[in-house]
Amino acid sequence: MPSCCLLAPGGPVGTYRPRASFRSPLWRLVSDHLDAFLGSYEERYEATHGRLGPQVESVLNQFLLCGDPNQGILLLRCEDCRTSLAVPFSCKTRLCPSCMSRRAEDLATALGDLLPRVRYRHVVVTFPIRMGIRHRIRENPALLRRLTRLAVGVLSRALQVQVRGHRRRRDELQKARPGFVVAWQTFGDSLNFHPHLHVLATDGVFLEDGQFYGYLDWDARELTARLRDSVLASFTRLGLLEEDTARTMLAWPVERSGFHVHVENAIPEEAREQLRTVVRYLTRAPVSLERLSYDEATGEVAYRTRKGADLRWPHAVDFLADLSQHIPPPRRQTVSYHGHFANALGRLEKRREPAPEEPASPERSRRTRWARLVLRTWRSDPELCPSCGKVMTRTRAIMERAELVRLLAHLRLGGHPPRPPPAPVPSTAPVTYGAVGRRGGAPRPPLVPAAPATPAPAEPEVEDSQVPPGWEDWDPA
């Protein structure tokens with residue numbers, strides 16, 4: 001449910017309902033310890049987590065403004081009962097779980113309409129921590145683009161060689177291409193630095209005339225071996241690995257090399273909702289608000305993994321050090337399209353044809369309306385009047401400072417929620433889960449199994465879960 005305040009015909013009355021950001025443990029710990037984290041990062045974490053990204057400070061500060069009415073509001077008005085709603089704006093960062101839920105819903109809605117109705121596979125590609133592979137990716141995030149191209153090339157060649165047909169069509173069959181939607185992620189279940197790729201691949205290839213050639217074989221072990229050979233050869237050419245190191249890794253069994261290509265069961269062509277669930281998983285936030293807790297008195301942060309283990313950071317600055325590794329730079333695309341779905345080919349540029357009951361529009365928007373995203377995410381329509389239930393209309397946005405201050409003062413919404421003094425940063429060595437290579441850092445704390453007999457402290461209800469149904473037992477780490 002979006003944040004809103006109720007305004008009556010005679011003037012502003014009623015109460016204000018804050019966003020999930022203002023009552024979530026993530027907002028509280030960032031608000032309390034952001035300055036201490038930025039001031040202590042170079043001394044406490046640069047040796048184990050690498051240099052702090054230049055975008056981290058601005059993204060965290062922008063996250064604190066999510067749903068803040070002091071930054072502006074949008075007025076919705078019901079013409080029948082004269083009721084109005086004032087809705088603050090979102091931060092739209094790729095850290096905020098609330099905004100990422102709508103971003104994921106937008107992508108799932110769009111691709112659910114645009115992708116051809118064929119069978120798909122969800123493929124997860126992981127890379128080893130041995131020999132400093134992940135450490136090199138941490139120091140140079142641009143390597144994820146190269147790894148994406150290598151993985152797409154391996155999968156494409158494995159599918160293309162299976163196409164069979166008449167010898168007179170050999171040239172045509174050699175140009176067959178599968179379609180890929182690739183999303184790269186850097187976080188594991190415990191917020192450790194775990195770069196991996198989520199690939200939504202067609203279970204077959206498209207010919208040049210648009211025909212689909214499907215039901216091909218997926219040999220995960222063979223794909224893993226080819227991926228290992230391709231990545232090691234590329235890193236050797238770039239000077240990131242010594243030839244002796246590459247030969248040593250090639251001598252290891254495929255199952256113990258650290259490379260892995262995991263192929264899920266096929267998604268039937270008629271299972272569009274299952275397809276949308278996988279797409280939502282591609283762009284989920286690093287943390288889930290409903291599994292995060294924060295003790296304001298001591299600064300301790302606890303997080304429950306999908307498998308039920310409890311992770312504990314002695315202080316919130318240690319948690320922010322792990323979280324900061326997974327904030328992508330601005331304008332860096334984390335989702336890309338390849339093969340038959342490549343942007344250069346324009347395969348996905350056109351929206352689906354409107355349904356018979358929908359009016360045909362020559363200029364259909366490529367983005368889903370904000371109200372529809374909120375309805376899909378929180379199962380609540382923000383444009384329905386809370387009094388009479390009819391659709392409200394947007395009147396205007398209030399951004400001018402004097403008018404905004406006057407309205408918020410009348411609603412008693414000015415300022416920010418009061419916060420207690422933050423717990424001081426401990427002088428002991430940091431305890432984190434996200435150090436790359438554990439270079440000089442404190443030993444990794446053990447995972448503590450969750451104790452079901454002791455009830456967890458009550459957290460505010462948050463409706464934007466980041467875990468889709470059916471994925472509780474699957475862990476990319």
Side-chain angles (χ1 to χ4, degrees), residues 48 50 121-162 178 180 182-201 216-265 282 305-307 325-326 336 338 433-439 441 444 447 471 473-477:
T48 55
R121 296 270 187 171
H122 180 200
V123 183
V124 184
V125 180
T126 58
F127 306 98
I129 193 173
R130 297 179 178 179
M131 301 302 182
I133 298 294
R134 295 183 187 177
H135 174 60
R136 288 166 173 81
I137 299 174
R138 174 64 178 87
E139 291 185 336
N140 184 12
L143 289 175
L144 282 171
R145 297 181 180 178
R146 176 176 291 271
L147 293 173
T148 298
R149 292 194 296 268
L150 295 176
V152 167
V154 168
L155 297 178
S156 297
R157 290 189 293 271
L159 296 180
Q160 288 171 344
V161 297
Q162 301 182 47
F180 299 102
V182 184
W184 54 264
Q185 296 176 359
T186 60
F187 51 89
D189 196 20
S190 59
L191 282 187
N192 59 314
F193 187 77
H194 176 57
H196 57 282
L197 305 177
H198 288 273
V199 184
L200 181 64
L216 304 180
D217 294 332
W218 294 78
D219 189 343
R221 189 180 187 281
E222 180 65 22
L223 292 174
T224 301
R226 294 184 181 184
L227 175 70
R228 177 199 60 183
D229 299 346
S230 181
V231 172
L232 294 181
S234 178
F235 274 44
T236 303
R237 289 194 302 269
L238 294 176
L240 301 176
L241 282 179
E242 299 290 341
E243 293 185 1
D244 293 341
T245 302
R247 284 194 293 267
T248 300
M249 297 186 71
L250 289 173
W252 294 340
V254 176
E255 295 79 6
R256 300 182 60 186
S257 64
F259 295 92
H260 187 60
V261 177
H262 177 77
V263 182
E264 285 285 331
N265 295 329
L282 302 183
T305 66
R306 290 189 297 272
K307 292 187 175 181
Q325 297 184 105
H326 313 301
S336 57
H338 304 268
Y433 296 86
V436 182
R438 318 302 309 171
R439 302 183 326 245
R444 180 167 179 166
L447 301 182
W471 290 86
D473 298 331
W474 186 84
D475 183 5

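Just so you know, residue 1 is the first one in the sequence shown, and it goes up from there.
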Colleague: If we ignore hydrogens and angles and just use 3.5 Å, is the side chain of Ser230 paired with the main-chain N or O of Arg226 as donor and acceptor?
Modeller: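 Judged by distance alone, no pair lies under 3.5 Å.
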Colleague: Hey, what do you get for CZ (Arg221) to CD (Glu255), rounding to the nearest 0.5 Å?
Modeller: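 Here the interatomic distance stands at 4.5 Å.
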Colleague: Provide the closest heavy-atom pair for Thr148 versus Ser336 in the form atom of the first, atom of the second, distance.
Modeller: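 Nearest heavy atoms, Thr148 then Ser336: CG2-OG, 4.1 Å.
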Colleague: At what distance, to the nearest 0.5 angstrom, does CZ of Arg228 lie from CH2 of Trp252?
Modeller: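 Rounded to the nearest 0.5 Å, the CZ-CH2 separation comes to 10.5 Å.
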Colleague: Kindly list each side-chain donor-acceptor pair under 3.5 angstrom involving residues 237-251, sequence neighbours excluded, with atom names and distances?
Modeller:
{"unit_1": "Asp244", "atom_1": "OD1", "unit_2": "Arg247", "atom_2": "NH2", "d": "2.1"}
{"unit_1": "Thr248", "atom_1": "OG1", "unit_2": "Asp244", "atom_2": "O", "d": "2.9"}

Colleague: Any chance you could measure Leu159, atom CG, to Leu216, atom CG, to the nearest 0.5 Å?
Modeller: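 Leu159 atom CG to Leu216 atom CG measures 5.5 Å (nearest 0.5 Å).
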Colleague: Could you measure the distance from the CZ atom of Phe180 to the CG atom of Leu155? Nearest 0.5 Å is fine.
Modeller: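 That separation rounds to 5.0 Å.
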Colleague: Does Pro195 offer a backbone N or O that forms a donor-acceptor pair with the side chain of Arg138 under 3.5 Å?
Modeller: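 Side chain of Arg138 to backbone of Pro195, a donor-acceptor pair under 3.5 Å: no, none is there.
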Colleague: Measure up the Phe259 and Phe127 rings against each other and bin them: parallel (under 30°), tilted (30 to 60°), perpendicular (over 60°).
Modeller: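 Correct class here is perpendicular.
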Colleague: Tell me, do Phe235 and Leu143 make a side-chain contact under 4.5 Å, heavy atoms counted?
Modeller: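 Heavy-atom side-chain distance check passes, below 4.5 Å.
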Colleague: Would you check if Gln160 and Pro178 make a side-chain contact, meaning some heavy-atom pair closer than 4.5 Å?
Modeller: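 They are in contact (side-chain heavy atoms under 4.5 Å apart), so the answer is yes.
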Colleague: Looking only at atom types and distance, does a side-chain atom of Ser257 sit under 3.5 Å from a main-chain N or O of Val254, one as donor and one as acceptor?
Modeller: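 Yes; judged by distance alone, with no hydrogens or angles, the pair exists.
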Colleague: For the backbone of Val261 and the side chain of Thr224, can you confirm whether one donor and one acceptor N or O come within less than 3.5 Å of each other?
Modeller: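 The answer is yes, because a donor-acceptor pair under 3.5 Å joins these two groups.
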Colleague: Would you mind reporting whether His194 and Thr126 have side-chain heavy atoms less than 4.5 Å apart?
Modeller: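 Thr126 vs His194: side chains touch.
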Colleague: Run the side chain to side chain contact (heavy atoms under 4.5 Å, CB included) test on Leu150 and Arg146 for me, step by step, so that the C-alpha distance in whole Å, both residues' side-chain angles and the decisive distance to 0.1 Å come before the verdict.
Modeller: CA-CA 6 Å; Leu150 295 176; Arg146 176 176 291 271; 4.2 Å; yes
Colleague: Specify the closest pair of heavy atoms between Trp218 and Ala201, including all atoms of both residues, with the distance to one decimal.
Modeller: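 Scanning both residues, the minimum pair turns out to be CH2-CB, 3.9 Å.
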Colleague: Within the side chain of His326, is there an N or O that forms a donor-acceptor pair under 3.5 Å with the backbone of Leu191?
Modeller: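 Yes; judged by distance alone, with no hydrogens or angles, the pair exists.
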Colleague: Test side chain to side chain contact (heavy atoms under 4.5 Å, CB included) on Leu144 and Thr186; report intermediate values, then the result.
Modeller: CA-CA 10 Å; Leu144 282 171; Thr186 60; 4.1 Å; yes
Colleague: Mind running side chain to side chain contact (heavy atoms under 4.5 Å, CB included) on Gln185 and His196 for me, showing each step along the way?
Modeller: CA-CA 6 Å; Gln185 296 176 359; His196 57 282; 3.4 Å; yes
Colleague: How long is the gap from NE2 on His198 to NE2 on His122, to the nearest 0.5 Å?
Modeller: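 That separation rounds to 5.0 Å.
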Colleague: Kindly indicate, with the supporting measurements, whether the criterion side chain to side chain contact (heavy atoms under 4.5 Å, CB included) is fulfilled by Ile137 and Leu147.
Modeller: CA-CA 10 Å; Ile137 299 174; Leu147 293 173; 3.4 Å; yes
Colleague: Mind listing the closest non-hydrogen atom pair of Leu223 and Val154 along with its distance?
Modeller: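 Here Leu223 and Val154 meet closest at O-CG1, 4.0 Å.
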Colleague: Going from CG on Leu232 to OG1 on Thr236, what distance comes out if it is rounded to the nearest 0.5 angstrom?
Modeller: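 Atom-to-atom, Leu232:CG and Thr236:OG1 are 6.0 Å apart.
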